[in-house]
Amino acid sequence: MTVTQVVFFLMAAFTVGAALLVVSAKNLVHCAIALVFAFFGVAALFVLLDAEFLAAAQVLLYVGGITILMLFAIMLTARISARGIKIMNEQVGVAAVVVFAIAGLLAYANLKGFPAAVPPLTVQDNTASLGTLLLTTYVLPFEVVSLLLLAAMVGAIILARRERGKD
Amino acid sequence: MIPLSYYLILSVILFGIGMFGALTRRNAVGILMALELMFNAVNLNFVAFSRYLPQPLLQGQIFAIFVITVAAAEAAVGLAIVLGLYRNFQTINVDEINLMKW
């Protein structure tokens, strides 16, 4: 086994372990911390796949942004870490069957022979090429998505704001 | 040398775990966390396919960037909705919120 493979398997096991903790931990704060580790694992896999910019964006956005938002929501809503409360609903059995069916189907489709060889990199500077692509070929989606972010920000503020005089 | 299938299988496992969480969690924030896991699995797929194309030209990574952006917007709006729910119902367990259930 080469070093790359060792790193891949370590990171894969790390990510899957953290993900399992996210869906199974009783205390939601523990879930959020495990989620941070899962995001870091995926960022490491992005580095293995020569996507340095995405790895950095993953750490900044997911680890720095979304997890903090989650933690705020957890702190603002009570009774999350109380002992003895049920964390799962009654559909555990059905959900497990559905998940195993879909995952099995997808994994079976994967076995149908994808090329194992890694083609040589055609792009040298990952970040610079992404920037060029975003501002030339993909400039329209880029603008649309910035509009979407603005709308989401305004919507989130309006949804989360207390109405004046009510309480 | 890591074959493409390894990444795809890992992505399937992550997606399955996230889907199980999204289907079984009672807490709305827990469901959102499981959704983020599924987004990550999909991004891993995009980036892996983008790297293993005969001519890797970053299209998959561009798509992953847009997925991350939309996920950020989704998280912000979703958590604002959770806060609104908590204010109105004093609970965020989704099986206790059945206002629209007939």
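Protein chains get the first letters and strands the later ones, always in sequence-line order, with residue 1 at the start of each.
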Novice: Just wondering, more than 12 heavy atoms not from Phe14(A) lying within 6.0 Å of its CZ?
Specialist: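 Yes, enclosed.
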Novice: What about Leu147(A) and Ile158(A), same hydrophobic cluster or not, with Ile/Leu/Val/Met/Phe/Trp/Tyr joined at side-chain heavy-atom distances under 4.5 Å?
Specialist: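 No; Ile158(A) is not reachable from Leu147(A) via cluster members.
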Novice: Side chain, backbone, both or neither: which part of Phe49(B) has an atom under 4.5 Å from a heavy atom of chain A?
Specialist: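 For Phe49(B), the contact with chain A is made by the side chain alone.
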Novice: Go through Ala38(A), Ala57(A), Gly65(A), Pro141(A) and name the one with the most non-hydrogen pairs under 4.5 angstrom from chain B.
Specialist: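 Most pairs with chain B among the choices: Pro141(A).
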Novice: If you measure from CG on Asn45(B) to CG on Asn110(A), what distance do you get to the nearest 0.5 Å?
Specialist: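 Asn45(B) atom CG to Asn110(A) atom CG measures 7.5 Å (nearest 0.5 Å).
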Novice: Applying a strict under-4.5 Å side-chain criterion to I, L, V, M, F, W and Y, I'd like to know whether Ile33(A) and Leu21(A) cluster together.
Specialist: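 No, no single cluster joins them.
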Novice: So, for Ala73(B) and Ala152(A), which heavy atoms are closest and what is the spacing to 0.1 Å?
Specialist: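 What the structure gives for the nearest pair is CB-CB, 3.6 Å.
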Novice: Tell me, side chain or backbone of Ala71(B) under 4.5 Å from chain A's heavy atoms, or both, or neither?
Specialist: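 Both parts, backbone and side chain.
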Novice: If we define contacts as heavy-atom pairs under 4.5 Å, which of Ile31(B), Asp95(B), Val94(B), Thr69(B) has the most with chain A?
Specialist: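 That would be Thr69(B).
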Novice: Given the options Ala95(A), Ala107(A), Gly104(A), which has more heavy-atom pairs under 4.5 Å with chain B than any of the others?
Specialist: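 Most pairs with chain B among the choices: Ala95(A).
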Novice: Looking at every heavy atom in both Ala19(A) and Leu37(B), which two are closest together, and how far apart are they?
Specialist: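 Heavy-atom minimum between the residues: CB-CD1, 3.8 Å.
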Novice: Determine whether Val12(B) and Tyr108(A) make a side-chain contact, defined as any pair of heavy atoms from C-beta on separated by less than 4.5 Å.
Specialist: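 When only atoms from C-beta onward are counted, Tyr108(A) and Val12(B) do not touch, as no gap falls below 4.5 Å.
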Novice: Return the CG to CG distance between Leu130(A) and Leu58(B), rounded to the nearest 0.5 Å.
Specialist: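 Reported value, rounded in 0.5 Å steps: 5.0 Å.
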Novice: CG of Leu32(B) to CE of Met70(A): how many Å apart, nearest 0.5 Å?
Specialist: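 Rounded to the nearest 0.5 Å, the CG-CE separation comes to 5.0 Å.
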Novice: What part of Ile9(B) is in contact with chain A, defined as an atom under 4.5 angstrom from a non-hydrogen atom: side chain, backbone, both or neither?
Specialist: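 Both backbone and side chain.
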Novice: Kindly compute the distance separating CG (Leu106(A)) from CD1 (Ile13(B)), expressed to the nearest 0.5 Å.
Specialist: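 So the gap between those two atoms works out to 11.5 Å.
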Novice: Heavy-atom distance under 4.5 Å between the side chains of Val98(A) and Met19(B), does that happen here?
Specialist: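 Yes - at least one pair of side-chain heavy atoms lies under 4.5 Å apart.
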Novice: When you compare the side chain of Thr15(A) with that of Leu44(B), does any pair of heavy atoms fall below 4.5 Å?
Specialist: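 A side-chain contact under 4.5 Å is absent here.
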Novice: Under 4.5 Å from any heavy atom of chain B, what part of Leu61(A) do you find: side chain, backbone, both or neither?
Specialist: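 Contact with chain B involves the side chain of Leu61(A) alone.
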Novice: Taking atom types as modelled, is there a side-chain donor on Gln58(A) or Asn43(B) under 3.5 Å from an acceptor on the other?
Specialist: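 Side-chain D/A pair, Gln58(A) to Asn43(B): absent.
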Novice: Is any side-chain heavy atom of Leu28(A) less than 4.5 Å from a side-chain heavy atom of Met33(B)?
Specialist: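 Yes - at least one pair of side-chain heavy atoms lies under 4.5 Å apart.
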Novice: With a 4.5 angstrom heavy-atom cut-off, which part of Ala96(A) approaches chain B: side chain, backbone, both or neither?
Specialist: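 For Ala96(A), heavy atoms of backbone and side chain both lie under 4.5 Å from chain B.
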Novice: Check whether Ala18(A) gets within reach of chain B through its side chain, its backbone, both or neither, counting any heavy atom under 4.5 Å.
Specialist: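 The answer is neither part of Ala18(A).
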Novice: Membership question, hydrophobic clusters at under 4.5 Å side-chain separation (ILVMFWY): are Leu149(A) and Leu135(A) in the same one?
Specialist: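 In one cluster: no.
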Novice: Please check if the side chain of Arg87(B) supplies one atom and the backbone of Ala160(A) the other of a donor-acceptor pair under 3.5 Å.
Specialist: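 Here the side-chain-to-backbone pair exists.
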Novice: Under a single-linkage definition using a 4.5 Å side-chain heavy-atom cutoff for Ile, Leu, Val, Met, Phe, Trp and Tyr, are Val42(A) and Leu10(A) assigned to the same hydrophobic cluster?
Specialist: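 Same hydrophobic cluster.
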Novice: Name the region of Ile157(A), side chain, backbone, both or neither, that has any atom closer than 4.5 Å to a heavy atom of chain B.
Specialist: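 Neither; nothing under 4.5 Å.
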Novice: Assess whether side chain to side chain contact (heavy atoms under 4.5 Å, CB included) is satisfied between Phe72(A) and Leu83(B), documenting all intermediate values.
Specialist: CA-CA 10 Å; Phe72(A) 264 109; Leu83(B) 287 189; over 6 Å; no
Novice: Chain B heavy atoms under 4.5 Å from Leu35(A): which part of the residue, side chain, backbone, both or neither?
Specialist: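 Just its side chain gets close to chain B.
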Novice: Applying side chain to side chain contact (heavy atoms under 4.5 Å, CB included), run through Tyr7(B) and Leu49(A) and close with a yes or a no.
Specialist: CA-CA 10 Å; Tyr7(B) 284 105; Leu49(A) 285 165; 3.6 Å; yes
Novice: Any side-chain heavy-atom pair from Leu20(A) and Ile17(B) closer than 4.5 angstrom?
Specialist: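 Counting from C-beta outward, Leu20(A) and Ile17(B) do come under 4.5 Å.
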Novice: Give, for atom CZ of Phe39(B) and atom CD1 of Ile66(A), the distance between the pair rounded to the nearest 0.5 Å.
Specialist: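 It comes to 8.5 Å.
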Novice: Roughly how far, to the nearest 0.5 Å, is the CD atom of Gln5(A) from the CD1 atom of Ile2(B)?
Specialist: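 If we round to the nearest 0.5 Å, Ile2(B):CD1 and Gln5(A):CD are 6.5 Å apart.
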Novice: Which bit of Leu53(B) comes within less than 4.5 Å of chain A, counting heavy atoms only: side chain, backbone, both or neither?
Specialist: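 Contact with chain A: backbone only.
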Novice: Looking only at heavy atoms and a cut-off of under 4.5 Å, which of Val94(A), Thr4(A), Val92(A), Ile102(A) has the most pairs with chain B?
Specialist: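 Option with the greatest count: Val92(A).
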Novice: So which residue, Cys31(A), Ser146(A), Ala103(A), Ala73(A), ends up with the most heavy-atom pairs under 4.5 Å with chain B?
Specialist: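 Of the options given, most contacts go to Cys31(A).
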Novice: Counting C-beta onward and ignoring hydrogens, is there a side-chain heavy-atom pair between Phe15(B) and Val99(A) closer than 4.5 Å?
Specialist: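 No - every pair of side-chain heavy atoms lies 4.5 Å or more apart.
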Novice: Decide yes or no on side chain to side chain contact (heavy atoms under 4.5 Å, CB included) for Leu133(A) and Gln61(B), but give the supporting numbers first.
Specialist: CA-CA 11 Å; Leu133(A) 271 181; Gln61(B) 294 189 26; over 6 Å; no
Novice: With a 4.5 angstrom heavy-atom cut-off, which part of Ile68(B) approaches chain A: side chain, backbone, both or neither?
Specialist: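 Interface part for Ile68(B): both.
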Novice: I'd like to verify something: which residue of Arg25(B), Glu36(B), Gln59(B), Glu74(B) has the highest number of heavy-atom pairs under 4.5 Å with chain A?
Specialist: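 The candidate making the most pairs under 4.5 Å is Arg25(B).
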Novice: Taking all heavy atoms of Leu23(B) and all of Gln91(A), pick out the closest pair and write down the distance.
Specialist: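 Closest approach of Leu23(B) to Gln91(A): O-OE1, 3.8 Å.
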Novice: Check each atom of Thr67(A) against the heavy atoms of chain B and say whether the ones under 4.5 Å are side chain, backbone, both or neither.
Specialist: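 Contact with chain B involves no heavy atom of Thr67(A) at all.
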Novice: Is it true that Phe53(A) and Val42(B) fall in one hydrophobic cluster, defined by side-chain heavy atoms closer than 4.5 Å?
Specialist: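 Phe53(A) and Val42(B): one cluster.
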Novice: Parallel, tilted or perpendicular: which one describes the rings of Phe9(A) and Tyr6(B), with boundaries at 30° and 60°?
Specialist: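 Tilted: the ring planes of Phe9(A) and Tyr6(B) meet at 30° to 60°.
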Novice: Answer whether the closest heavy-atom distance between the side chains of Thr137(A) and Ile62(B) falls below 4.5 Å.
Specialist: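 Sidechains of Ile62(B) and Thr137(A): no contact.
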Novice: Before giving the answer on side chain to side chain contact (heavy atoms under 4.5 Å, CB included), spell out for Val70(B) and Val145(A) the whole-Å C-alpha distance, their side-chain angles and the decisive distance to 0.1 Å.
Specialist: CA-CA 7 Å; Val70(B) 175; Val145(A) 92; 4.2 Å; yes
Novice: Surrounding CZ of Phe8(A) (heavy atoms of other residues, nucleotides or ligands, distance under 6.0 Å), is the total greater than 12?
Specialist: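 Atom CZ in Phe8(A) is packed in, count exceeds 12.
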Novice: Which bit of Tyr62(A) is near chain B, if near means a heavy-atom gap under 4.5 Å: side chain, backbone, both or neither?
Specialist: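 The side chain, not the backbone.
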Novice: Between Ser129(A) and chain B, which part of the residue has a heavy atom less than 4.5 Å away: side chain, backbone, both or neither?
Specialist: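 Ser129(A) touches chain B through backbone and side-chain heavy atoms alike.
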